[in-house]
Amino acid sequence: MLYSKMFIPTLKEAPADADIVSAKLMIRAGMIRKLASGLYEYLPLGVKVLKKVENIVREELNAAGGQEVIMPLMLPKELWEETGRWNVYGKELFRLKDRKNAEFCLGPTHEEAITDLARREIRSYRQLPVMFHQFTQKFRDEIRPRFGVMRAREFLMSDGYSFHTDEADLEKYYTVIFEAYKRICQRCGFDFRAVEADSGAIGGSFSHEFMVLADTGEEEIACCTCGYGANSQKVACLPIENPAQTPLKLEEINTPHMKTAAEVANFLKVSQKNLIKTIIYVADGVPVAALVSGNHEINELKLQKLLGADNISLANEETVREVTGADVGFAGPVGLKGAKIIADLSVLSISNAAAGANKTDFHLKNLNYGRDYKADQAADIRKAQNGDICPVCKKEKLNFCRGIEIGHTFKLGTKYSNPMKAAYLNAEGKEILSPMGCYGIGVSRILAAIIEQSSDENGIVWTDNVAPFEVEIIPINYAEGKTKQAVDEIYSTLTAGGLDVLIDDRDERAGVKFKDADLIGIPYRITVGEKGLAQGVVEFKRRKDPKEATKLLKPAAAIEEILKIYRRGI
Ligand code: ATP
Ligand code: MG
């Protein structure tokens with residue numbers, strides 16, 4: 001491909017609203033443009049990378065027995081009502097009406113659609129197991145679209161759904177997909193972890209997230225040297241036993257305007273871990289008080305699960321006043337009105353604790369469980385944090401780092417086949433609900449994630465298997481006869497070897513070509529000039545190496561070096 005024939009509108013500067021390195025570089029490299037919040041256009045270079053990633057995913061899923069389908073993007077409301085998700089999915093679901101006023105949504109995910117297909121078409125155990133997968137645009141009205149294509153409102157997802165005769169077969173297949181996802185990550189060149197995760201709005205009993213390690217990642221993951229890894233939201237916290245002390249007399253102390261745990265602890269001269277934070281939530285319309293020690297935070301997901309609530313949010317000022325009888329900031333476990341009290345396992349053993357007095361500008365000191373307050377339930381409702389011990393080996397301290405979730409696999413069981421009655425007949429002619437798995441990987445998010453892990457101050461550094469072109473040839477002057485001949489020969493040999501090659505044939509200064517080459521990040525570069533050719537050599541450079549690592553090689557040796565790398569594959 002000739003550079004002059006391809007639309008690659010590179011930019012010196014990124015637009016001011018590009019909020020992350022990958023978004024800046026994708027725009028500057030002429031891969032994407034923004035149409036509106038969370039909506040992006042992919043230009044030819046962007047499409048090339050997207051297709052390369054899509055093909056890696058396709059190859060791995062087909063090798064894992066998947067069969068590709070394409071489902072409609074617009075889905076009837078009735079299907080979503082069968083599973084209850086028309087309501088549960090909330091504002092993230094894009095809804096629309098046709099001319100007859102029938103309601104639809106733009107698919108954010110396709111469990112309902114595929115389960116409907118399966119219940120119509122799969123009759124017998126002989127047709128199982130089966131795995132359908134597709135590559136389609138997904139639509140989600142994200143609260144905060146950001147980070148370019150990483151959190152967009154329309155994006156390309158590979159989603160797969162498998163149907164099985166029983167749980168054992170699902171379990172077996174889940175590991176096949178798990179391995180396929182790992183290979184996808186390896187082929188993309190990721191430094192990644194597959195971690196235990198929460199199943200969120202998709203549901204089911206068990207799930208893993210594939211996390212690309214990056215400081216800019218929106219997720220926090222916890223890992224242990226014992227091999228355990230989980231989304232930090234999901235990490236079980238071991239109970240904390242606080243040393244018992246002789247109970248002292250309960251005191252009420254005036255603490256004007258002191259609201260934060262640190263301010264109160266400082267004023268009362270107690271350590272933050274001896275403070276009980278009381279946070280008022282509303283779960284499905286009902287107020288709940290959650291207690292956690294001052295040096296910990298509530299994990300809302302754990303609390304929501306414990307309560308079995310569809311929705312949970314912090315109570316507004318009015319509710320806080322109703323429940324505590326005080327301004328926000330002075331809630332405590334003594335004398336709450338109309339709220340169930342859930343205490344974290346770190347709380348009940350605190351002797352002589354401090355807490356809000358449910359009276360504006362007052363706190364209580366020397367609070368002891370049983371004597372002064374009671375909880376309706378004690379459970380693990382706190383966030384895991386630095387210093388916590390691994391819940392699996394129960395020995396080592398957890399390590400926390402940030403990650404970008406690029407894929408998610410779920411063991412769904414009969415979460416969808418049950419309400420939608422996706423059943424098959426077994427060998428005895430009995431109707432059985434089919435257990436399901438589902439697997440989603442964000443093809444467009446992968447592009448951004450690769451760049452988050454692989455770029456430098458000059459631009460993108462594509463990994464070998466996903467680069468839009470594997471090789472860029474830069475002729476110093478393509479119009480020059482000998483140079484053109486040498487370039488064309490190198491080009492033919494590399495393309496005959498199955499590689500995608502870009503020739504920068506533009507009538508530009510070498511400096512401009514090198515700058516653009518660094519920006520668009522093609523992994524291997526061969527520079528051909530009259531001077532070098534006179535000595536029988538070309539310049540060979542890997543994008544990831546520093547400038548000094550440029551080698552002078554005979555054209556055949558440069559070609560061989562590159563072909564060797566790609567022949568090795570991954
Ligand atoms: P997140 O927690 O980041 O919102 P999710 O849990 O909603 O992700 P899934 O429903 O599991 O995501 O979707 C599968 C994959 O689709 C994700 O792993 C991610 O790669 C991709 N994805 C999800 N939401 C977006 C989005 N708004 N923009 C781009 N890709 C996305
Ligand atoms: Mg989401």
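Order of listing sets the numbers, starting from 1, for every ligand and every atom in it.
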### Query
Any idea which of M150, H408, R140 brings a heavy atom closest to atom 5 (P) of ligand 1?
R140
### Task
Say whether S444, considering both its backbone and side-chain N or O atoms, lies within less than 3.5 Å of an N or O atom on ligand 1.
no
### Query
Are side-chain N/O atoms of T109 and Y89 paired as donor and acceptor at under 3.5 Å?
no
### Query
Can V149 be said to touch ligand 1, with heavy atoms closer than 4.0 Å?
yes
#### Entry: Where N311 and Q304 come nearest, the two heavy atoms and their spacing
N-NE2, 3.8 Å
### Query
Does some side-chain heavy atom of E112 sit less than 4.5 Å from a side-chain heavy atom of L75?
no
### Message
Taking distance alone, with N or O pairs closer than 3.5 Å, would you say G440 contacts ligand 1?
### Response
no
### Query
Measuring from the heavy atoms of T109, does anything fall under 4.0 Å of ligand 1?
no
### Message
Using a 6.0 Å cut-off, check whether atom CG of D98 has over 12 heavy atoms from anything other than its own residue.
### Response
yes
### Query
Hey, are the side chains of Y524 and L499 touching, using non-hydrogen atoms and a 4.5 Å cut-off?
no
### Task
Under 4.0 Å, heavy atoms only, figure out whether ligand 1 is touched by the backbone of R445, its side chain, both or neither.
side chain
### Task
Give the single entry among E218, E219, M157 that approaches atom 16 (O) of ligand 1 most closely by any heavy atom.
M157
## Note on the structure
Taking only non-hydrogen atoms of E142 and a 4.0 Å limit, the atoms of ligand 1 in range are 24 (N), 26 (C), 27 (N)
### Task
For Y174 and H208, run ring pair (Phe, Tyr, Trp, His ring centres under 6.0 Å): C-alpha distance rounded to whole Å, both residues' side-chain angles, the deciding distance at 0.1 Å, then the answer.
CA-CA 10 Å; Y174 187 85; H208 285 95; 5.8 Å; yes
### Task
May I ask you to check whether F410 has an N/O atom sitting below 3.5 Å from an N/O atom of ligand 1?
no
#### Entry: T83 and Y416: side chain donor to acceptor below 3.5 Å
no
### Task
Under the salt bridge (Lys or Arg N to Asp or Glu O under 4.0 Å) rule, collect the residues that match up with E396, sequence neighbours excluded.
none
### Query
For A152, is at least one N or O under 3.5 Å away from an N or O on ligand 1?
yes
### Query
Which atoms from ligand 1 have a heavy atom of G407 less than 4.0 Å away?
18 (O)
